[in-house]
**Q** 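So that we are looking at the same thing, I have put the structure below in structure tokens.
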Number of protein chains: 2
Amino acid sequence: MKDDTPVRRSPVSLADCNLSRSFELVGDRWTLLILRSALYGVRRFDDFQADLDIPRTVLSNRLAGLVESGIMEKRAYREEGQRSRVEYPLTDMGRALMLPFMAMTQWGDKFLSDGVMPLTLRSRKTGERISVAYTDEQGRAVSFADIEAVIDPDARKRAARKRKPAKGG
Amino acid sequence: MKDDTPVRRSPVSLADCNLSRSFELVGDRWTLLILRSALYGVRRFDDFQADLDIPRTVLSNRLAGLVESGIMEKRAYREEGQRSRVEYPLTDMGRALMLPFMAMTQWGDKFLSDGVMPLTLRSRKTGERISVAYTDEQGRAVSFADIEAVIDPDARKRAARKRKPAKGG
DNA sequence: CCATCAGAGTCCACAAAAAGGACTCAGGAC
DNA sequence: GTCCTGAGTCCTTTTTGTGGACTCTGATGG
């Protein structure tokens, strides 16, 4: 973001930063791996457990947290002549994590993969390879070099006003 | 990715998945926060420490890991008439994390923010707001609904061949 | 009606990692 | 020589994770 100016502190406080807030919900090794499996389609307790070889206590805690955050849902399901069981499908909020996760996958593809990519995206219509990139308002890709960050120094105040609009919002 | 087929296991093993490999390097709460500060421009040990209020032992360990991964660099710097000290700038590999991190920020903006965004991106040329999105090969934005995932079942084998090309690569 | 099975957990003992604070070490400046 | 600052290390306490056994529930089957 900066090239030679010495930055001593992040310009956005941890409490106001939507990135660090995201990390509070999903920024934990097991949570990230659970979400990876979930985005691949896994939904059931024992399937997560076997897929990731995660301790059952940890899985139980993480799933509860993800449900509380609204990223997953806890729901009963019933297979043919089976009794009712529980599954953990992603909500819209959870499915929206596909974009950052694919951006991260792309990063891994580039820097960690020997050039082999087990998972790629393609267009249903044209079959073209799809990637994640910066785009402008017309939906045209923009190179990283042409981008600058904008910090809104009043974000904290405006957030406070939004939360209790009685006091002047 | 799937809508009603029951998926029992991830189609890509943890060892082959470039997403889970990425998480091995950066998928830890403190590591993610250190990288956030680094992308904001922070570089020095005590600055990271104060910015994040991170225990010094943890910071020390994490920075060593990030240097070993090639995400950060450990380098001496010298200010005007000061003695030489150490800084931790991001490498190209580290700076490339801006894309997944901005994708994650966008997710936080949408789901966690009350609509307030302290950090946004804009085009240096046109001033337009920049966002992160799926794009096709011509650099045109594509909606999520038009995308499908493609799994390469031979990725594991091809990766092995790439790593020791003497045996037939 | 009793035993069995599978999914979805909980409980407990042990190990690893994080938190917090004091301490060290190096090299200029005073 | 003494002070100061940046960049760590060391040590103790607390928290979290790990791994395995155990529980609970409701269908199935003999």
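Keep in mind it's a predicted model, so treat the numbers as computed, not measured. Residue numbers start from 1 in every chain, and the chains themselves are labelled A, B, ... in the order their sequence lines are given, proteins ahead of strands. Values below: all heavy atoms of this structure, side chains included; hydrogens, waters and symmetry mates excluded.
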**Q** Look up atom CZ in A/Arg9 and atom OG in B/Ser37, then write down how far apart they are to the nearest 0.5 Å.
**A**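 That separation rounds to 9.5 Å.
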**Q** Pick the closest DNA chain D nucleotide for B/Glu87 and for A/Asp28 by heavy atoms, then say which residue is nearer the 5' end.
**A**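 It is B/Glu87 whose nearest nucleotide is closer to the 5' end.
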**Q** Once side-chain hydrogen bond (donor to acceptor under 3.5 Å, both in side chains) is applied, do any residues pair with B/Glu73, and if so which ones, sequence neighbours excluded?
**A** none
**Q** Suppose we screen for salt bridge (charged side-chain N to carboxylate O under 4.0 Å, His left out). Which residues come up paired with B/Asp92, at least two apart in sequence or across chains?
**A** B/Arg95
**Q** Output yes when at least one side-chain N/O atom of B/Trp30 is less than 4.0 Å from OP1 or OP2 of C/dA19, else no.
**A** yes
**Q** Can you run down the ring-ring contact (aromatic ring centres under 6.0 Å, His included) pairs that involve residues 65-106 of chain B, sequence neighbours left out, and say none if there aren't any?
**A** A/Phe23-B/Phe101
**Q** Check the distance between C/dG7's C1' and A/Phe48's CZ and give it to me in whole angstrom.
**A**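 Taking atom C1' of C/dG7 as the reference, CZ of A/Phe48 is at 14 Å.
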**Q** Could you tell me the separation between the CG atom of B/Asp47 and the P atom of D/dG8, rounded to a whole number of Å?
**A** 12 Å
**Q** Which value, rounded to the nearest 0.5 Å, describes the distance between A/Met104 atom CE and B/Ser22 atom OG?
**A**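 Atom-to-atom, A/Met104:CE and B/Ser22:OG are 4.0 Å apart.
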**Q** Mapping A/Arg8 and A/Val58 onto DNA chain D by nearest heavy atom, which one lands closer to the 5' end?
**A** A/Arg8
**Q** Go through the structure and list residues passing salt bridge (charged side-chain N to carboxylate O under 4.0 Å, His left out) with A/Arg140, not counting sequence neighbours.
**A**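 Partners of A/Arg140 by the salt bridge (charged side-chain N to carboxylate O under 4.0 Å, His left out) criterion come out as none, since no residue qualifies.
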**Q** Rounded to whole angstroms, how far apart are CD1 on B/Ile34 and C1' on D/dG8?
**A**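 Answer to the nearest Å: 14 Å.
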**Q** Extract from the structure each pairing of a protein N or O with an N or O of nucleotides 9-11 of chain C at less than 3.5 Å, listing the distance.
**A**
{"unit_1": "C/dG9", "atom_1": "OP1", "unit_2": "A/Lys74", "atom_2": "NZ", "d": "3.3"}
{"unit_1": "C/dG9", "atom_1": "OP2", "unit_2": "A/Tyr88", "atom_2": "OH", "d": "2.6"}
{"unit_1": "C/dG9", "atom_1": "N7", "unit_2": "A/Arg56", "atom_2": "NE", "d": "2.8"}
{"unit_1": "C/dG9", "atom_1": "N7", "unit_2": "A/Arg56", "atom_2": "NH2", "d": "2.8"}
{"unit_1": "C/dG9", "atom_1": "O6", "unit_2": "A/Arg56", "atom_2": "NE", "d": "3.3"}
{"unit_1": "C/dT10", "atom_1": "OP2", "unit_2": "A/Ser60", "atom_2": "OG", "d": "2.6"}

**Q** To the nearest angstrom, how far is B/Arg43 atom CZ from D/dG6 atom C1'?
**A** 17 Å
**Q** So which protein nitrogen or oxygen atoms get under 3.5 Å of nucleotides 27-30 of chain D's nitrogens or oxygens?
**A**
{"unit_1": "D/dA27", "atom_1": "O3'", "unit_2": "A/Gly81", "atom_2": "O", "d": "3.4"}
{"unit_1": "D/dT28", "atom_1": "OP1", "unit_2": "A/Gly81", "atom_2": "O", "d": "2.8"}

**Q** Could you check whether B/Tyr77 gets within reach of a base, just the sugar-phosphate, or nothing at all, counting any heavy atom under 4.0 Å?
**A** sugar-phosphate
**Q** Rounding to a whole Å, what distance do you find between B/Arg29:CZ and D/dT15:C1'?
**A**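 Value for this atom pair: 13 Å.
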**Q** A/Arg85: what forms a salt bridge (charged side-chain N to carboxylate O under 4.0 Å, His left out) with it, not counting sequence neighbours?
**A** none
**Q** Who pairs with A/Asp51 by salt bridge (charged side-chain N to carboxylate O under 4.0 Å, His left out), at least two apart in sequence or on another chain?
**A** none
**Q** Rounded to whole Å, please give me the gap between CG in B/Leu59 and P in C/dA19.
**A**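 Result: 12 Å.
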**Q** Would you kindly give the CD-to-C1' distance between B/Gln49 and D/dA7, to the nearest whole Å?
**A**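 So the CD-C1' distance, B/Gln49 to D/dA7, works out to 11 Å.
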**Q** Quick one: do B/Thr105 and B/Thr120 satisfy side-chain contact (heavy atoms from CB on, under 4.5 Å)? Show the steps, please.
**A** CA-CA 9 Å; B/Thr105 300; B/Thr120 49; over 6 Å; no
**Q** Which part of the nucleic acid, if any, lies within contact of B/Arg62, taking any heavy atom under 4.0 Å across all strands shown: a base, the sugar-phosphate backbone alone, or nothing?
**A**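 The answer is sugar-phosphate, as B/Arg62 gets under 4.0 Å only of primed atoms, P, OP1 or OP2.
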**Q** Below 3.5 Å, can you tabulate the donor-acceptor pairs from side chains in residues 56-67 of chain A to any protein atom, sequence neighbours excluded?
**A**
{"unit_1": "A/Arg56", "atom_1": "NH2", "unit_2": "A/Asp46", "atom_2": "OD1", "d": "2.9"}
{"unit_1": "A/Asn61", "atom_1": "ND2", "unit_2": "A/Thr57", "atom_2": "O", "d": "3.4"}
{"unit_1": "A/Arg62", "atom_1": "NE", "unit_2": "A/Asp28", "atom_2": "OD1", "d": "2.9"}
{"unit_1": "A/Arg62", "atom_1": "NE", "unit_2": "A/Thr31", "atom_2": "OG1", "d": "3.4"}
{"unit_1": "A/Arg62", "atom_1": "NH2", "unit_2": "A/Asp28", "atom_2": "OD2", "d": "3.2"}

**Q** Quick one: ring-ring contact (aromatic ring centres under 6.0 Å, His included) pairs with a partner in residues 109-135 of chain A, sequence neighbours left out?
**A**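 Residue pairs with at least one partner in residues 109-135 of chain A: A/Trp107-A/Phe111, A/Tyr134-A/Phe144.
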**Q** B/Leu52 CG to C/dG20 C1': how many Å, rounded?
**A**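 Between C1' of C/dG20 and CG of B/Leu52: 16 Å.
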**Q** In residues 65-72 of chain B, which ones come under 4.0 Å of DNA chain C, going by heavy atoms?
**A**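 The answer is none.
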**Q** Please collect all ring-ring contact (aromatic ring centres under 6.0 Å, His included) contacts where either partner lies in residues 44-65 of chain B, sequence neighbours excluded, each pair once.
**A** none
